[in-house]
Amino acid sequence: MNLGFEGKVAIVTGAGSGIGAAISRQLAEEGAEVVLADINAEAAERVAAEICEKGGKSRHFAIDVTDAAAVEKLVATIGETCGGLHLAVNNAGVDGVRRATGDYPLDNWHKLLDVNLNSVFYCMKYEIGAMLAGGGGAIVNVSSVLGAVALPIACAYTAAKHGVVGLTKAAAIEYARLGIRINAVGPGWIETPLSSEHRDIASSRRMEALQPMGRRGTPQEVAALVCFLLSEQASFITGSYHLVDGAYSAH
Ligand code: ADP
């Protein structure tokens, strides 16, 4: 399937690791010029170098996506140096502590909502302006299966990821006639550093037993969906939320 990304400029946040890195690699393989944005500059640089070694076009920027002014500046820089912005994947995220709502620490709540929800608003706010200037574009926000179902002792993550789905739908309606399609994806249990952070072998086995397919998904399986949604193959798909969770939420 030709996804038609030649000549397109894409930004991927949280591109230094896991799902964001896989999306960046696939976008570049399909011909896009990819801007990798991550708070971890070294990680983003590593992925960008790997893409360039394989003949792809990419550059990297260190950015904290919770800083709205920095996001605005980065989007402006992309417009000036790359000649526009056509595709965006808002993916940067962090995991939270595991506590019941009554015991959930306030500072953890604010930090998690900042990175996983507020940043998606900041990114879209400025990406949309740049895309309108170029006549249109496509955005995918990376939510989670926890945008559809809840995980007890993860109230902040569940709330943030549900919020990303709502934000996606509202913005998609607003820009539906202006040439910008906006969708969200909901990865389930995927093999990434973030999903492994809190897990010992016993809890990994418990999680695996809960998976209808008996395995984790791969970052590439998420990237394939994201790239399809960004492409013209998905030209009538906007304002929707697409799970890639191996039937976990179908339970
Ligand atoms: P996932 O399972 O979603 O792929 P990872 O932990 O592998 O999770 O990747 C999340 C990425 O988001 C990391 O590269 C991390 O550095 C990045 N990230 C986290 N917080 C921020 C932030 N505030 N600004 C930019 N990037 C961030």
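What you are looking at is a predicted structure, and each value in this text was computed from that prediction instead of being measured. Just so it is clear, the values below take in all heavy atoms, side chains as well, and ignore hydrogens, waters and symmetry mates. Numbering of residues begins at 1 and proceeds along the displayed sequence. First listed ligand is number 1; within each ligand, the first listed atom is number 1.
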ask   = If you take all heavy atoms of Trp109 and Tyr104, which pair is closest and at what distance?
value = N-CE2, 3.6 Å

inquiry  = If I apply the N/O under 3.5 Å rule, does Ser17 come out as touching ligand 1?
reply    = yes

ask   = Atoms of ligand 1 less than 4.0 Å from Asp64 heavy atoms?
value = 22 (C), 23 (N), 24 (N)

Intermediate values then yes/no, side-chain hydrogen bond (donor to acceptor under 3.5 Å, both in side chains), Asn91 and Thr13 = CA-CA 5 Å; Asn91 160 78; Thr13 71; 5.3 Å; no

Contact with ligand 1 for Ile63, non-hydrogen, under 4.0 angstrom = yes

request  = Indicate yes or no: does an N/O atom of Val65 lie under 3.5 Å from an N/O atom of ligand 1?
outcome  = yes

task = Using a 4.0 Å heavy-atom cut-off, say whether Ile19 meets ligand 1 through its side chain, its backbone, both or neither.
result = both

message = Distance check, rounded to the nearest 0.5 Å: Asp67 atom CG versus Asp114 atom CG?
response = 10.0 Å

ask   = Do the side chain of Thr238 and the main chain of Ile182 share a donor and acceptor less than 3.5 angstrom apart?
value = yes

task = State the atoms of ligand 1, each with its element, that fall below the 4.0 Å cut-off from a heavy-atom position in Val94.
result = 19 (C), 20 (N)

task = Report yes or no: does Asp38 have a heavy atom closer than 4.0 Å to ligand 1?
result = yes

Electrostatic pair Lys125:Glu72 at N-O distance under 4.0 angstrom = no

Whether Ala43 lies under 4.0 Å from ligand 1, heavy atom = no

request  = Tell me which one of Gly93, Ala22, Ala92 gets a heavy atom nearest to atom 19 (C) of ligand 1.
outcome  = Gly93

ask   = Quick check: does Thr66 get an N/O under 3.5 Å from an N/O on ligand 1?
value = no

task = Find all atoms of ligand 1 within a distance of less than 4.0 Å from any non-hydrogen atom belonging to Gly18, and give their numbers and elements.
result = 4 (O), 7 (O)

Pair up each side-chain donor or acceptor in residues 46-53 with any protein partner under 3.5 Å, not counting sequence neighbours, and list the distances.
{"residue": "Glu50", "atom": "OE1", "partner": "Arg25", "partner atom": "NH2", "Å": "3.4"}
{"residue": "Glu50", "atom": "OE2", "partner": "Arg25", "partner atom": "NE", "Å": "2.6"}

key: Gln211 and Asp245 side chains, donor-acceptor separation under 3.5 Å   = no

note = So for Ile39 against ligand 1, with non-hydrogen atoms under 4.0 Å, the contacting part is both

key: Flag for Ser240-His242: side-chain donor and acceptor within less than 3.5 Å   = yes

